[in-house]
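To keep things clear, I will list the structure first and then write my remarks on it.
Chain A is the first sequence line, chain B the second, and so forth, proteins listed ahead of strands; every chain is numbered from 1.
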Amino acid sequence: MKLEEFQAKKLFREHGIPAPDGVMVTSAADGKTAALALGCPVVVKAQVKTGGRGKAGGVKLARTPDEAFSAADSILGMDIKGFRVERLLIDPAVPIAAEYYVGITIDRKRKIPVMMVSASGGMDIEKVAAETPEKIHFQPVHPERGLRFFEAKKLAFRLFSDSREVMAAASIMVKLWKCFNDLDATLAEINPLARLEDGSITALDAKIVLDDNALYRHPGMEELRLPTPSEKKELGAKSHGLSYVQLEGEIGCMVNGAGLAMATMDVIKHLGGTPANFLDIGGSSNPEKVVHAMELLVSDSNVKAIFINVFGGITRCDDVANGLVQALSGIDLEVPMVVRLTGTNEEEGIRILAGHGITALKDMTRGAAEAIRLAREGSVGR
Amino acid sequence: MKLEEFQAKKLFREHGIPAPDGVMVTSAADGKTAALALGCPVVVKAQVKTGGRGKAGGVKLARTPDEAFSAADSILGMDIKGFRVERLLIDPAVPIAAEYYVGITIDRKRKIPVMMVSASGGMDIEKVAAETPEKIHFQPVHPERGLRFFEAKKLAFRLFSDSREVMAAASIMVKLWKCFNDLDATLAEINPLARLEDGSITALDAKIVLDDNALYRHPGMEELRLPTPSEKKELGAKSHGLSYVQLEGEIGCMVNGAGLAMATMDVIKHLGGTPANFLDIGGSSNPEKVVHAMELLVSDSNVKAIFINVFGGITRCDDVANGLVQALSGIDLEVPMVVRLTGTNEEEGIRILAGHGITALKDMTRGAAEAIRLAREGSVGR
Amino acid sequence: MSILIDEKTRVMVQGLGRDGSFHARQMKDYGTSVVAGVHPGRGGSVFEGIPVFDTADEAVGKTGAQCSVLFVPAPFASDAILESANAGVGLVVAVTEGIPVLDMSRVAQELDELDTRLVGPNCPGLISPGKSKVGIMPGNIFSRGPIGVISRSGTLTYEVVNQLSLAGYGQSTAIGMGGDPIVGMKYNDYLVHFERDAETELVVIVGEIGGTDEQDAAAFIGQHVTKPVVGYIVGRSAPPGKRMGHAGAIISGADSTAEAKVNVLREHGIPVADTVEQIVDLVAAGLGG
Amino acid sequence: MSILIDEKTRVMVQGLGRDGSFHARQMKDYGTSVVAGVHPGRGGSVFEGIPVFDTADEAVGKTGAQCSVLFVPAPFASDAILESANAGVGLVVAVTEGIPVLDMSRVAQELDELDTRLVGPNCPGLISPGKSKVGIMPGNIFSRGPIGVISRSGTLTYEVVNQLSLAGYGQSTAIGMGGDPIVGMKYNDYLVHFERDAETELVVIVGEIGGTDEQDAAAFIGQHVTKPVVGYIVGRSAPPGKRMGHAGAIISGADSTAEAKVNVLREHGIPVADTVEQIVDLVAAGLGG
């Protein structure tokens, strides 16, 4: 679960990390009021869960409340990489002397968190990593011991020379670790961490991604969820035990298992088709799940054909077939559908489906090819 | 720093450990009011920092508010092993089915905390350890990892058989570890941990000793200090950089260094004298410290002679002698005093003291013997 | 031969809830030597002929269990893994999905100090066909033979194995290593065993987007594996930044795309299939060469 | 010979505050090879001819320091110990008093995993007379000779050593192991070294109330030490439950009394002195026998 900047900054401040105490607004008028209250100049910042908003014009300096109004007015409703701007953060503007990067994430290879710092702040850190990897300094963090002050100090001496700045930065790093650990985050990032002209160190941007699997330990965090329209659809699917990601293609897919679902999308693409979605219905043959999954697929107007790809494992194909039949009986389908069914008891399963007029194949690649063909023809497959 | 039961119980409850929510009172009238508010029966418990108060009559069951009044009245002011009862805890009385012991302390040998549990609850655990050590179960606790639930569960299965009771007890153990760790305690103990007749598990007594060295991390805890008169004297000494413990003997000792101070007391005892105190003035020759130390010694009416035992190390004996002279010049001493000075530049030091009429010896055992002799004679040694 | 488990491996089942009970029975039916169940509060009882204990310590002490398969709910799973590991179990198979990543990080650090290997979490387990099955794989689609299989996914493993079995290529051992960002053993850990295993002639590795385990495997194979290896990577059509079902399947950098992985594998001389069907062809070619 | 430190040991000083600066100079004057200072923010400067670095890593990297002596205030001391240990320092001497016991417990666990030994905390350090002094001991009272000294106390060590020196019994190495409940090396760890050290002919152990280290030493000596050992235990007159200056000097059970310790030592054939003066007699007897 990605938090927005204004939410992440609040959590930072609660953990003792200095960050401008701005105001989140959803209208230009409120933006002006906030600018008046904070005192100008202010920075007007689009709250979107994507990078590169600065280049897209989503961040503006305002020297007067009126400028704040017009900046807010122009940014609200903007589309940044597919994200519509609905919220702004009005932050007091501060005089920046230099910008740094500080972040923590999970090092999958070493299986532990790692803190990364760089003097190349304010830039896309993945770009820094790709182009000048020597400019990023790493410190693995033992998950039980946490980031020790001496480790933070070593990193801070890579970025700063003044000992007060070193100590301030090291202290922020330790607090960032605590924030990351306390919240069960998978990413906690300050970019840029700024040295201001007065020598103080402060977090000018804030990014936190929480571990969805650990949200049960942080019930309050669920309230911070501000889903975009596509996230809403995914969350709705999740509430029915479905894992769904909408894409832009024509072939709606319904698959049991995440790996197999990716393989299904891949084979569609490999054969020249375009998958409309990722959709994993999990291991069960529960008809209710299939109904919800079908509703997701038909609600996507891009979908020209549906490909159901099921591998019967512990759950037998005949049971799966019965489940599918039951689920599909209540649905009035307007696009063609191809079912592929294989695994334990596949012959019996295919026979059951055929008995209800549902074409079922045993081969995944052929099934995908058939779905693509039907989508192109626009004909009905059952 | 030892907390009293009512303080420790409050901290337990804050950490989610079930414990009766009683009322601390300092008068019999308040005891009756508390009994009325809590509902009878209640237990009236002396709050003293020593064990064995039950046997001493410091714990009484009261079935009515009037009984609570008379119980409180009889316990207040009682002397229990040298501790005068000034506070009582009025706890709701609960129906006990069985009593257990659960505690955490530091295992010096393994250098980590260890949790100890026993089905022999309500008894002095050191007695259990001495007489039936097989009845105590131990679980070392890794200080970074903490007590894991599976470890607590293993211990709990040693005490309980019903799985709900096991889970409740294991959860209490994990919370007791957290309490111990969060507060930087050196001891956290529930004795007894009671299984009530309804099957619930609750802490009927509570003992917490905090690490004095870690109090700087817990500024709020200092307010919980309720020193006894002798502790007050020790704390006063500490505020002057002195480490002082009052005893019952006749020879007041002033020594630089804790080990040497113990050796000094021992040699006095070895020679048939009785040390009046432990007093370590530390490594410095600071005259102010000596003045404060001297004040402590003379304020003790048992003291019949003073033995100052100084080893000059990095600090030279001549400096120490000058410090002593300066300090003693402002003091009108009514008991005899023996100074022993040795180490770096000892001859010069002894000469300086002699110049001011102070007898100084080089030998510790002879100095102690001289002090004992003077104490017996009641004569003045300078 | 086979790797990690065989008919002699003494297995205990941690967590006898709905799934644990079902799969304990399935494993037993498959022929797995299930010697104990662990379920706090049910110690002393017997489930389907299997003695049940309150703690892993007792189960190990009384039955000599060497391997534990976990069906414990996510909030308690990391504690259960550590319980087994500290009780002396040499191999823990964690089926449980949804364990917080920091929990797994703590587990991984501690397992490093113990003599315990971990398969999963969020995995279907592993099977040495005809000998032992530890996990939730459908035993009937597997057949005994010379192919080692290591996969990050569940149903996709079944799909791949099913096609191999139908084509006559049985498996020595097939492993679902788990779809989470932090899992216990990875490709390389299994490859060491497959390389040593006399029955295994070829290894299929089924990868997906996220992380760089496949790249690590490619480098490792180049240096340490003499047996032929065939690769298959899914997620070529996945958009960046989106989690594709598996918590570990998210494209978070250029290295973690399917293309990057396919390329690195091929650069190391490992043939990579474009579709599941192609895996069979590449296996045939690999065994032929 | 001597143990742990000699004239070749490269020493760095962590924390150049008032005490650190004073003792850095004292150690240098004594002849200790002080090669570096570590004080964050003072990197690049020079103190009394000693180069100063911001971090232990740099100091070790640039000077090859093998031993660090710590004058860092208690709240930061455990971090500083771990900094040195993780930088590869083999011996850390922590003079600092008042470190919280749980901090030391965490340090002790981590040092177990590293190749670093710890003397202290809350200790005067150690000295190999005529060769090297690491800590705050007054160098002038020590003299070179065949006696090893291990003590839990500071001034009492000086007292004992002074008497030994005056009686003509010099020291190979004298160690104040520290007066806290948790310290790094204990009697047994030092005894292993003294037993192996050719220069050492007899070891004096100076103990006190609290803990059971002296009992452990008695058992260890019985099994592993062939050289004569002389004991001295203080705190016979200390009341139970009271902290006698040292955080570790508190009688918390029957085992931790001075009597118990004296008895166990004697049961293992180790002569125990009643007064400091007696130590010299027992040493004379020990060397004579």
**Study point:** Option that, when pairs with chain B are counted at under 4.5 Å, heavy atom only, ranks first among Ile136(D), Ile233(D), Leu156(D)
**Key:** Leu156(D)
Point to revise | Gap between atom CD of Gln163(D) and atom CE of Met364(B) - 0.5 Å precision | key: 8.0 Å
Check your understanding: Does any heavy atom of chain D fall under 4.5 Å from the side chain of Lys269(B), the backbone, both, or neither of them?
Key -> side chain
Check your understanding: Checking Glu97(D) against chain B: side chain, backbone, both or neither under 4.5 Å from a heavy atom?
Key -> neither
Practice item. Using a 4.5 Å cut-off on heavy atoms from C-beta on, say whether the side chain of Asn162(D) contacts that of Thr342(B). Key: yes
Point to revise | Atom pair CG (Asn213(B)) and CG (Asn122(D)), whose distance is rounded to the nearest 0.5 Å | key: 8.0 Å
Revision key, fill the gap. Separation between CD (Glu234(B)) and CZ (Arg243(D)), nearest 0.5 Å, reads 11.0 Å
Review point. Side chain, backbone, both or neither: which part of Arg217(B) has an atom under 4.5 Å from a heavy atom of chain D?
Key: side chain
**Study point:** Point-to-point distance, once rounded to the nearest 0.5 Å, from OG of Ser105(D) to CD of Glu144(B)
**Key:** 8.5 Å
Review point. Can any side-chain N or O of Asp280(B) pair as donor or acceptor with the backbone N or O of Gly245(D) at less than 3.5 Å?
Key: no
Review point. Can you say whether Met137(D) sits under 4.5 Å from chain B via the side chain, the backbone, both, or neither, judging by heavy atoms?
Key: backbone
Check your understanding: Quick one: does Phe278(B)'s side chain get under 4.5 Å of Pro239(D)'s, heavy atoms only?
Key -> no
Practice item. Output yes when Lys242(D) and Glu231(B) qualify as a salt bridge under the 4.0 Å nitrogen-oxygen rule, no when they do not. Key: no
Study note, to complete from the structure: Counting heavy-atom pairs under 4.5 Å with chain B, the top scorer among Pro124(D), Pro138(D), Ser237(D) is Ser237(D)
Exercise for review: Answer with side chain, backbone, both or neither: which region of Ala130(B) has an atom nearer than 4.5 Å to a non-hydrogen atom of chain D?
Suggested key: neither
**Study point:** Choice from Gly139(D), Gly179(D), Ala238(D), Gly98(D) maximising heavy atom contacts with chain B below 4.5 Å
**Key:** Gly98(D)
Check your understanding: What residue in Ile182(D), Leu166(D), Val276(D) has the most heavy-atom pairs under 4.5 Å with chain B?
Key -> Ile182(D)
Check your understanding: Can you name the closest pair of heavy atoms from Arg108(B) and Arg152(D) and give their distance?
Key -> NH2-NH2, 3.3 Å
Check your understanding: Distance from Ser153(D) atom OG to Met262(B) atom CE, nearest 0.5 Å?
Key -> 7.0 Å
Review point. In terms of heavy-atom contacts, does CD of Glu248(B) have more than 12 from other residues, nucleotides or ligands at under 6.0 Å?
Key: no
Check your understanding: Between Ile112(B) and chain D, which part of the residue has a heavy atom less than 4.5 Å away: side chain, backbone, both or neither?
Key -> both
Review point. With only heavy atoms counted, which part of Pro75(D) is less than 4.5 Å from chain B, the side chain, the backbone, both or neither?
Key: both
Check your understanding: Counting N and O atoms only, with roles assigned by atom type, does the side chain of Thr155(D) sit under 3.5 Å from a partner on the main chain of Phe311(B), one being a donor and the other an acceptor?
Key -> no
Exercise for review: For chain B, find its close neighbours in residues 206-221 of chain D: heavy-atom separation under 4.5 Å, sorted by number, or none.
Suggested key: Glu208(D), Ile209(D), Gly210(D), Gly211(D), Asp216(D)
Exercise for review: Can you see which heavy atom on Asp184(B) is nearest to which on Arg106(D), and at what distance?
Suggested key: OD1-NH2, 4.5 Å
Review point. Is it the side chain or the backbone of Asn181(B) that comes within 4.5 Å of chain D heavy atoms, both, or neither?
Key: both
Check your understanding: In terms of heavy-atom proximity below 4.5 Å to chain D, should Phe180(B) be classed as side chain, backbone, both, or neither?
Key -> both
**Study point:** Residue Thr365(B) versus chain D: region with a heavy atom under 4.5 Å
**Key:** both
**Study point:** Any side-chain heavy-atom pair of Arg366(B) and Glu277(D) under 4.5 Å
**Key:** no
Review point. To the nearest 0.5 Å, how far apart are CG in Asp266(B) and OG1 in Thr275(D)?
Key: 10.5 Å
Revision key, fill the gap. Counting heavy-atom pairs under 4.5 Å with chain D, the top scorer among Leu247(B), Asp211(B), Ile268(B) is Asp211(B)
Practice item. Assess whether atom CZ of Arg110(B) is packed by more than 12 heavy atoms of other residues, nucleotides or ligands within 6.0 Å. Key: no
Check your understanding: Heavy atoms, side chains only, cut-off 4.5 Å: are Met244(D) and Met265(B) in contact?
Key -> yes
Practice item. Decide yes or no on salt bridge (Lys or Arg N to Asp or Glu O under 4.0 Å) for Arg340(B) and Glu159(D), but give the supporting numbers first. Key: CA-CA 12 Å; Arg340(B) 182 265 185 155; Glu159(D) 180 80 44; 2.3 Å; yes
Exercise for review: Return yes when atom NZ of Lys233(B) has more than 12 non-hydrogen atoms of other residues, nucleotides or ligands closer than 6.0 Å, and no otherwise.
Suggested key: yes
